[in-house]
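Please read all numbers here as calculations on a predicted model, not as lab measurements. The sequence lines fix the lettering, A, B, ..., with proteins before strands; numbering per chain opens at 1.
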Amino acid sequence: MVPASISRLQPEAAGLLARAQELARMERLALCRRALEATLFGAEPPTTDGLDALTLAQLEFAEQFAVSVGGVSDAQVEALRAWLTDDELWAFVAAIYELDMELRLARVAEAVL
Amino acid sequence: MSARISPPTGSARYGTPLDRAMRDFERAVVRIDGVDPITTELVRLRCARVHDCRRCSSMRDDAALRSGFDEGLGAKIDDYERSDLSPRHKAALRLADAMILTPGAIEESLRDELREHFSEAQVAELCLDVVKWSVQKALVALRIEPPPNEGLTRMAANPDGSFTFGEPLVVR
């Protein structure tokens with residue numbers, strides 16, 4: 001969700017960002033969202049008990065994505081590629097970007113606007 | 001470092017609905033011109049360096065160059081807190097860092113500091129600039145960002161918010 005303050009002040013770009021965020025919503029990303037919130041804001045991380053290998057790889061990637069994309073390793077990407085086609089991998093990474101920036105924008109807009 | 005999947009070829013990356021939506025968003029952000037080009041360029045380059053996007057780091061915005069941006073100014077970005085950049089530019093870079101580095105630990109003073117130098121609409125614009133200039137995170141994560149040119153290259157925004165990439169820059 002785009003912060004109301006951003007939508008009020010920059011309505012065109014905010015509307016287009018909201019559309020992109022809506023397209024990025026994926027059911028599997030609920031846990032990734034919690035992993036990002038834990039990494040970015042110190043929230044409680046999701047429990048990993050009983051999670052399948054793909055979900056674990058997604059969580060690890062999401063955490064690294066939030067900390068430093070320059071530090072994403074070949075192994076972290078290969079762990080995803082074991083389960084995802086290139087198209088699926090790109091869709092996942094693009095959605096993580098949307099989620100990552102959605103969380104950051106919400107927190108910063110609340111603090112400065 | 002080699003690409004981890006086949007690099008995209010179109011203006012909307014792989015052409016998915018999300019890619020096209022992001023292209024539309026990015027162009028809308030570029031069309032917003034409430035903040036001066038030099039401040040916008042400093043924020044763009046800060047994002048490029050933090051996100052390790054070599055292509056973005058090798059570009060220089062034409063409007064910023066025409067407004068007086070030079071490499072002396074650009075060299076101050078990495079250690080801007082200890083630089084002699086203006087308080088306005090430092091405030092913009094602190095906002096960028098709050099977004100991309102420390103969203104969980106934003107200084108309470110940042111709001112007032114920003115409002116000394118920017119209107120609310122300009123602060124919102126800078127926030128959206130950071131979202132736009134962080135889109136390379138997805139590309140860098142898979143190492144599918146376009147390769148950097150040798151040296152620096154000029155880029156110019158078109159009226160629709162797309163960019164035209166021009167000639168190499170000679171740094172004086």
> Do you know which of B/Glu113, B/Arg111, B/Glu26 has the most heavy-atom pairs under 4.5 Å to chain A?
Replying inline: B/Arg111
> Do B/Asp97 and B/Arg46 meet the salt-bridge criterion of a basic N to acidic O distance under 4.0 Å?
Replying inline: yes
>> Between B/Arg13 and chain A, with a heavy-atom cut-off of 4.5 Å, which part of the residue counts as in contact: side chain, backbone, both or neither?
In response: side chain
> Of the backbone (N, CA, C, O) and the side chain (C-beta and beyond), which part of A/Val108 lies under 4.5 Å from a heavy atom of chain B, both, or neither?
Replying inline: both
> With a 4.5 angstrom heavy-atom cut-off, which part of B/Asp19 approaches chain A: side chain, backbone, both or neither?
Replying inline: side chain
> chain B: which of A/Arg8, A/Arg19, A/Gln64, A/Arg81 shares the most heavy-atom pairs with it under 4.5 Å?
Replying inline: A/Arg81
> Of the listed residues (A/Val67, A/Asp100, A/Val93), which shares the most heavy-atom pairs with chain B below a 4.5 Å separation?
Replying inline: A/Val93
>> Quick check for you: among B/Ser119, B/Gly104, B/Gly34, which has the greatest number of heavy-atom pairs under 4.5 Å with chain A?
In response: B/Gly104
>> What part of A/Glu98 gets within 4.5 angstrom of chain B, counting heavy atoms only: side chain, backbone, both, or neither?
In response: side chain
> Is it true that B/Asp52 and B/Arg143 make a salt bridge, defined as a side-chain N closer than 4.0 Å to a carboxylate O?
Replying inline: yes
> Above 12 or not: heavy atoms from other molecules or residues under 6.0 Å from CD of B/Glu81?
Replying inline: yes
> With side chains defined as the heavy atoms from C-beta onward, is the minimum distance between B/Gln122 and B/His117 less than 4.5 Å?
Replying inline: no
> Heavy-atom distance under 4.5 Å to chain A: side chain of B/Leu18, backbone, both or neither?
Replying inline: both
>> Taking the basic N atoms (NZ, or NE/NH1/NH2) and the acidic carboxylate oxygens, is any pair closer than 4.0 Å for A/Glu22 and A/Arg25?
In response: yes
> With the threshold set at 4.0 Å, does a side-chain nitrogen-carboxylate oxygen contact exist between B/Asp84 and B/Lys76?
Replying inline: yes
> B/Ile144, B/Thr102, B/Leu142: which one forms the most heavy-atom pairs within less than 4.5 Å of chain A?
Replying inline: B/Leu142
> Looking at B/Ala21, B/Pro103, B/Ala28, which makes the most heavy-atom pairs under 4.5 Å with chain A?
Replying inline: B/Pro103
> Quick one: what part of B/Val135 sits under 4.5 Å from any heavy atom of chain A, side chain, backbone, both or neither?
Replying inline: both
> If every non-hydrogen atom of A/Leu103 is compared with every non-hydrogen atom of A/Arg33, which pair is closest and at what distance?
Replying inline: CD2-NH2, 3.6 Å
>> Under a 3.5 Å cutoff, is there a donor and acceptor pairing between the side chains of A/Thr85 and A/Asp87?
In response: no
> With a cut-off of under 6.0 Å to the ring centre and 45° to the axis, is B/Arg27 in cation-pi contact with B/Phe163?
Replying inline: no
> In terms of heavy-atom proximity below 4.5 Å to chain B, should A/Ser73 be classed as side chain, backbone, both, or neither?
Replying inline: backbone
> Hey, which of B/Leu139, B/Leu110, B/Ile100, B/Asp112 has the most heavy atom pairs under 4.5 Å with chain A?
Replying inline: B/Ile100
> Quick one: of A/Leu16, A/Val69, A/Val2, who has the most non-hydrogen atom pairs under 4.5 Å with chain B?
Replying inline: A/Val69
> Between B/Ile106, B/Leu95, B/Leu114, B/Val50, which shows the greatest number of heavy-atom pairs under 4.5 Å with chain A?
Replying inline: B/Ile106
> Tell me, side chain or backbone of B/Leu101 under 4.5 Å from chain A's heavy atoms, or both, or neither?
Replying inline: backbone
> For the residue pair B/Arg23 and B/Ala12, what are the closest heavy atoms and their distance?
Replying inline: NH1-CB, 3.7 Å
> Taking 4.0 angstrom as the limit, do B/Arg60 and B/Glu71 come out as a salt bridge?
Replying inline: yes
> Which bit of A/Ala109 is near chain B, if near means a heavy-atom gap under 4.5 Å: side chain, backbone, both or neither?
Replying inline: neither
